[in-house]
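Worth saying up front: this structure is predicted, and the values here are computed from it rather than measured. Throughout, protein chains are lettered first and strands after them, A, B, ... in sequence-line order, and every chain is numbered starting at 1.
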Amino acid sequence: MDEKYFPEKIENKWQQHWSETKAFEASDDDPRPKFYCLEMLPYPSGFLHMGHVRNYSIGDALAWYKRLQGFNVLHPIGWDSFGQPAEQAAIKRGVNPRDWTEENIQHMRGQMKRLGISYDWSREIAAHRPEYYKWDQWFFLKMFERGLAYKKKSPVNWCPRESTVLSNEQSSGGVCWRCGAAVEKRELEQWFFRITDYAEQLVADIKQIESGWPEKVLKRQRDWVGRSEGAFIDFALKSGDQKIRVFTTRIDTIFGATAIVLSAEHPLIDQLLEDSPLKLQVMAFAERVKSEKAARGRVVNEEEQKEGINTGVLAVNPFSGESIPVWVANYVLIEYGTGAVMSVPAHDERDFEFAQKYSLPVRRVIERISHEQESIPHDVSSEDQSIAMQHAFTDYGILVNSGNWSGKLSADAIVEMAAYAEASDFGKAAVTYRIRDWGISRQRFWGAPVPIVYCEKCGMVPVPDQDLPVRLPDRAEFSGSGESPLAGVADFVNTVCPECGAPARRDTDTMDTFVDSSWYFFRYCDPRNESMPFNSDLAKAWTPVDQYIGGDSHAVMHLIYTRFWTKFMRDLNLVNFDEPVKKLLTQGMVTNRVQGTDEWKAMSKSLGNGVDPDEMIAAFGADAARLFVLFAAPVENELRWAEAGIEGAVRFLRRVYTMVWRWHERLSNGTTEASSDEPSAAARALRRKTHQTIAKITSDFEGLHLNTIVAALMELFNELSAFEAEPVAASTADVFAVREALESLVIMLAPFSPHAAEEMWQYLGHEGGLLNSGRWPQADAELAKRDELEIPVQVNGKLRSRVLAMPDVTEEQLRIAALADEKIRAFIEGHQVVKVIVVPQRLVNVVVK
RNA sequence: GCCGGAGUGGCGAAAUUGGUAUACGCACCAGACUCAAAAUCUGGCGAGGUCAAACUCAUGUCGGUUCGAGUCCGACCUCCGGCACCA
């Protein structure tokens, strides 16, 4: 043992010890209750950043806590190692993506070990290795078998900078999620996963996880799935037998429909206009809107005007029998609902704006329910209505000018009118979803190849299971042209048809890397399985994940895909539950000041405000870096980097360490049990603080309030320092109080600064390390009780004095004591005491006037 | 525009869910040690007021409920995030 605290020496020593003793390897046959603690697996960019450090420090604190409590903890790590940066490195610098990736993994693994994160390295996985992506392909084929993977030509999101397709989730807001380039639309033949088949479950099952997931993530998922209840309604054309189907959530407003508006991409436009003199004009308009949308990746921007054109065709409102014009406009989405809407200017902002521009009639059919007004609103002449309206009235209300339906409440009319439409065979109640199928084809080299072969005779043929994996070739030309680099590798492309043996070609696209990360944490349960993605008994034993920790940037990508994937695996009988993750923590960003400015932004190379974890470890030690990161802010808050703060963490560790040094000889031989000596008042106070601290920290761990745990550890340490400073006779009872406090402190410090905790634990006379000999301390409620209370006394709600009382003091005694208090008497003199409020154990408030 | 979340010392933040506001740390100030500095240790640290107290004010703003409000209710302001013509 050294008198001084040398973090580097201690950290090397214990990292080696943990590795040699396989301290963190989880056993599948451990009878103790399991706890699966998971952090989002990193992309191997080459370097850990402080965001990773924060993520893993949080996870490790929880993993240590659960281990010390006696759980069988699974705490694995792996690499999300397919993807864009490796390919960019190949294009720019001519390196081999595989070598580049493997080198990065090696370096980052070293960094994680230097941080001393307690991972079970025996379960490490990497997505780019054939033994892993084989199972991506296996899952693809299972989806294909069940019709959940399908290929179609469709407009897809195209990132022009990266020359590849993006999923809807990855092009949210019309920009590429990775590079920020404006996304274009392209018509391409693409693979999709039918996530829409699970749309209802993705919404409904939220109730299974809502207690454990942050509300903001659930909200985003609900919005993303976009469930909405409404009705389909068919508007027949005035002439001919065509019908236009619209979707509406406000069938109660249908008497106010003054037009039908089609998306420019609506497939019916062509037929509607067959004999129309306006055909050329309308078609030209539709083409222009389409090309504008393709350039922009979405329909009109908010600043831009809605534009439309009247087709001259009339449609009949099936409720009112009225004929209304059919328009084509740029603001109707083809992707949602039916690509056609009924335009109700009086009750929809967008339709109102459109109607203003083109002078379409505004017909009010819903009135506000007024509380002052007893009578039901009456139908009024249509002239009166349009004058009055400045904005659309979008609330629910009471129907007017709606034939037989007038006088009904919106909520009732919505149900009854849909039923009527269904009975009359021109519509039905329906639920639509905003979410669309997950496009997974990528024109990339560095991903899992789609296991499909194209044969002239047999068509599209799945690769048989026994031929998996379809291996990536060792090299390819990276032209950046937009076509998959695999298309240029003849050895890869040319194959034989698995069915007829004739020459055939492979699919040359690879899968979205979010496929890899949708199921990786199941693989940790059985990482070397060669015949299945994982053994389902092992998966059932370890999963669902008890606590998942990561950034909230994946709220609608990874976290929705993995929920979908789990439901699919459930349908394959691989798992027996609906939801993969019980509790989710979304940690805040680590930010740093951008040099020369007042702005705090996420650390990044390009901004030059990054902090290198290795430098922090070298300067302060991993224990101090981790302690600081967890102490500086609540885990879900932004964390602003402050080097002075980490120095404070070192100071604290050093002080604890030297205190252990001062006591270790006296403590390492003897006093292992509370002695029968009468402890001094100071010793009783120390024990009280110890047990209060244990109770507080244990409860704070359940809510992951890690910052207040560190504060509580510091308070306990301060109490120990104060005890040391007192001139106390070192009776065995007093020494025991110190032992109890110090040992508790050291054990509870382990989740934050495990190396230092191990070292100190050893100095305190324990062999074999914390995991073998240390147990999370138990709070004794009796010892934690105060033996004297200081009760604040208020007069009219203002603090005026304090009285001392025994814990078992009665309300009446407190009342008397408060009124007898000298200061209080001065305040009530000359006033009349109206009443005295006594909160047992807490406070007295004297009300006077 | 719509939907969330948040506003507490110079700073990061606490506050057992309506009961002593500012725990813990950082920074700062003073003292001890030192020839000196650093490190370390001790003390101080919301604002006003005072030799010191007493006392007054203070949790974004304004109102309300209550014996009592950082916490509950209403209106507003500011900041941060998400979504953005989803019918």
Given U20(B), G4(B), G25(B), the nucleotide with the shortest approach to the side chain of Q794(A): U20(B)
Nearest-Å distance once atom P is located in both U71(B) and G9(B): 15 Å
Candidate nucleotides U20(B), A87(B), A13(B), ranked by approach to the side chain of V341(A) - the nearest: A87(B)
Short side-chain N/O contact from R800(A) to OP1 or OP2 of U56(B), under 4.0 Å: yes
Side chain D351(A), main chain A346(A), donor-acceptor under 3.5 Å: no
Distance test, side-chain N/O of N707(A) to OP1/OP2 of G12(B), below 4.0 Å: no
Nearest-neighbour nucleotide for the A644(A) side chain, U20(B), A27(B), C55(B) considered: A27(B)
Watson-Crick or G-U wobble mate for A69(B), both contacts under 3.5 Å: none
Whole angstrom value for the distance that separates P of A84(B) from CD of E335(A): 12 Å
Separation of A54(B) P from R825(A) CZ (nearest whole Å): 20 Å
Nearest to side-chain heavy atoms of A711(A), which nucleotide of C83(B), U20(B), C24(B): C24(B)
Nearest-angstrom distance, P atom, A53(B) to C62(B): 30 Å
Atom-pair distance (CE on M714(A); P on G12(B)), nearest Å: 17 Å
Under 3.5 Å on both distances, the Watson-Crick or G-U partner of U17(B): none
Salt bridge R288(A)-E292(A), side-chain N to carboxylate O under 4.0 Å: yes
Sugar-phosphate, base or nothing in reach of A642(A), heavy atoms under 4.0 Å: nothing
Touch class at under 4.0 angstrom, heavy-atom based, for R842(A) against every strand present: base
Neighbour count >12 (heavy atoms, 6.0 Å) for atom CD, E702(A): yes
Touch class at under 4.0 angstrom, heavy-atom based, for N845(A) against every strand present: base
Atom-to-atom span, CD1 of I709(A) to C1' of A14(B) - whole angstrom: 14 Å
Separation between the C1' atoms of A32(B) and C26(B), rounded to whole Å: 23 Å
side-chain N/O S699(A) vs U16(B) OP1/OP2, d < 4.0 Å: no
Test item: side-chain donor near acceptor, W663(A) and E724(A), under 3.5 Å: yes
Sugar-phosphate, base or nothing in reach of R654(A), heavy atoms under 4.0 Å: sugar-phosphate
C83(B) phosphate, OP1 or OP2, under 4.0 Å from R222(A) side-chain N/O: no
C62(B) pairs with, by Watson-Crick or G-U criteria that keep both distances under 3.5 Å: G74(B)
C1' gap between G7(B) and G60(B), integer Å: 6 Å
Rounded distance (Å) that lies between atom P of G12(B) and atom CD1 of I646(A): 19 Å
Touch class at under 4.0 angstrom, heavy-atom based, for F232(A) against every strand present: nothing
Euclidean distance for P, A38(B) against C33(B) (whole angstrom): 15 Å
Sugar-phosphate, base or nothing in reach of R655(A), heavy atoms under 4.0 Å: sugar-phosphate
Criterion ring-ring contact (aromatic ring centres under 6.0 Å, His included) against F247(A), the qualifying member of F232(A), Y433(A), F235(A): F232(A)
Given G19(B), C24(B), U20(B), the nucleotide with the shortest approach to the side chain of V839(A): G19(B)
5' precedence on RNA chain B between A712(A) and L799(A) (nearest-nucleotide basis): L799(A)
N or O in side chain of K835(A) less than 4.0 angstrom from C67(B) OP1/OP2: yes
K798(A) vs C57(B): side-chain N/O to OP1/OP2 distance below 4.0 Å: yes
Residue whose nearest RNA chain B nucleotide is more 5′ - T432(A) or K219(A): K219(A)
Separation of U40(B) C1' from E3(A) CD (nearest whole Å): 13 Å
Sugar-phosphate only, base, or nothing, as touched by G648(A) at under 4.0 Å among non-hydrogen atoms: sugar-phosphate
Syn or anti for G81(B) (syn when the glycosidic angle lies within 90° of 0): anti
Sugar-phosphate only, base, or nothing, as touched by N718(A) at under 4.0 Å among non-hydrogen atoms: sugar-phosphate
Interatomic distance at C1', G31(B) relative to C45(B), whole Å: 15 Å
Pairwise P distance, C77(B) and A84(B) [rounded to whole Å]: 26 Å
Whole-Å distance separating the CZ atom of R651(A) from the C1' atom of C41(B): 12 Å
Electrostatic pair R640(A):E638(A) at N-O distance under 4.0 angstrom: yes
Modelled atom types, side-chain donor and acceptor of S343(A) and Y358(A), under 3.5 Å: no
E3(A)/R662(A) ion pair, N-O < 4.0 Å: no
P atoms of C55(B) and C3(B), separation to the nearest Å: 48 Å
Gap between atoms CG and P, on N637(A) and G7(B) respectively (whole Å): 9 Å
